[in-house]
Amino acid sequence: AYHCYCSVERPAQDGQGQRDRRVSASADCHCRDLSQEEISKLKSGQDSEVIRFAMPRDGVTKFNDLIRGEVEWRNETLNDFIIMKSDGFPTYHLAVVADDHLMEISHVMRAEEWLPSTPRHLQLFEALGFEPPQFAHLPMIMGPDRAKLSKRHGATAIGEYKDDGYLPEALLNFMVLLGWSLDDKTEIMSTQTIIDNFTLDRVTKSAAIFDQEKLLWVNGMYIRELKPEQLAGRMMPFLERDLPKEALPVDSGYLSRIAPLLQERIKRLDDSADITSYFFQANEEFDTSELVQKGMDRDTTLSALKAALADLSGMDDFEHGKLEELLTVTGEKLSLSRRQFFGVLRVAATGRAVSPPLFETLEVLGKDRTVSRVKNAIQRFSAAG
RNA sequence: GCCCCGGUCGUCUAGCCCGGUUAGGACGCCACCCUUUCAAGGUGGAGAUCAUGGGAUCGAAGCCCAUCCGGGGUACCA
């Protein structure tokens, strides 16, 4: 290593020549061959100095990457990089080598972008008389534009995925699949299975594009595999975060009855509030014209609501099988299709055209909520006339 | 520019090291089935001259060579 007194090259205005200029700056540095006399002269006149590593000028530096196999560089293509900055702090290159040695690191696994600095690290290990660790350079993850994944891809700090409703296990499962496979078919597997079976020799060499769609699918698979109580527990923080204050606190017993209904309909936990809001608060805002189903008019819709209300308020056991039985008959009497009759009821009870299966939903909602919502719907619908 | 690493369906991949498969699976897409909506599930389909061109071989995605393309690195960042 040697001191270097070269001044920092001012970056050119145009970004174009900038890179080349820097390259030539380090290439033009002659500090390595300075005489003692020249050094003391420079030292007095200079306020900043830096320490560079003296790379061998010939020969090759090579190693066996656990994933890529043998990789080698001609030393002459490697420049004398800085190991100590003018502020007295070591650069990363020096620091990792010292750190890895002190911590007795056996294997260094890092992304492929580090591959080019490996020969520098290797030379440092050797110069310091340290035993170098084994290296494995993993494939990088790219954005949809095939460039190194970064913030502008929306991809983000790992914690944000959690806030977005991805299960950590699902994200892990998805990520590991981006450069490794268990076999020729298994995709969804437990973290334990991954840990038990992961080997470097099955790691891919090529970079992978981060596919949000597939992540979403994996996440959905994990959500569906949860036990209803587990799902309820996972949803709770999201409901507390996203539900309007009036709807809080959420009763956990009630929530575990809701959970199984949307287990197959939710792909991310942060959909929770949106997909369940009508369980916690009546939707008084929906447009009553949505009550009218295809092929129906005002009158048939109104009589459907009234007939349903009569059935519902007369039920003492609000169980989905019984509800379906009774209302199916009523629907037939009105000569409405299931689609029509249940559609009207669905909108009246939930304020939406889309919901989990109607009768299960009503059962969970309970008689009081259901009856009062249907009444309310009748009232608003009549008034809107 | 120079250095390094890659290249199998749109995407993630299996197979490659130890030549002989209709090149397998999955996401996404399409169709059908199921169905009270939405999903989930089931079945089927489209989609890959294995980057390209040569070579050795009876035979190549697999081996050899060249080329092209992509990415990364070229900082007193990490």
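Chain letters run A, B, ... following the sequence lines, proteins first, then strands; residues in each count from 1. In what follows, every heavy atom counts, from backbone to side chain, and hydrogens, waters and symmetry copies are set aside. On a predicted model such as this, the values are computed, not experimentally measured, just so you know.
Nucleic acid contact for A:Val71: sugar-phosphate only, since backbone atoms but no base atoms lie under 4.0 Å from a heavy atom of the residue. A:Ser355 comes within contact range of at least one nucleobase, with a heavy-atom separation under 4.0 Å. When heavy atoms are screened at a 4.0 angstrom cut-off, A:Leu358 is found touching base atoms of the nucleic acid. At a threshold of 4.0 angstrom between heavy atoms, the contacts of A:Phe89 with the nucleic acid are absent. Here A:Ser181 lies in heavy-atom contact (under 4.0 Å) with sugar-phosphate atoms only. Residue contacts for A:Arg352: at a heavy-atom cut-off of 4.0 Å it reaches no nucleic acid atom on any strand shown.
A donor-acceptor contact under 3.5 angstrom links the side-chain atoms of A:Lys214 to the base of B:A26. Donor-acceptor pairing under 3.5 Å, judged by distance alone, is present between the side chain of A:Arg265 and the base of B:C38. Applying the 3.5 Å distance criterion, the base of B:C76 shares a donor-acceptor pair with the side chain of A:Ser86.
For A:Arg298 and A:Phe381, the positive end sits near the middle of the six-membered ring, less than 6.0 Å away and at most 45° from its axis. Both tests hold for A:Arg380 against A:Phe286: distance to the six-membered ring centre under 6.0 Å, angle to the ring axis within 45°.
Residue A:Arg146 places at least one side-chain N or O closer than 4.0 Å to OP1 or OP2 of B:U11.
Aromatic rings of A:Tyr166 and A:Tyr222 (six-membered ring for Trp) have centroids beyond the 6.0 Å cut-off, not under it.
Atom CG of A:Leu171 is separated from atom C1' of B:C12 by 15 Å (rounded to the nearest Å).
Using the Watson-Crick or G-U wobble rule with both distances under 3.5 Å, B:U37 pairs with nothing in any strand shown.
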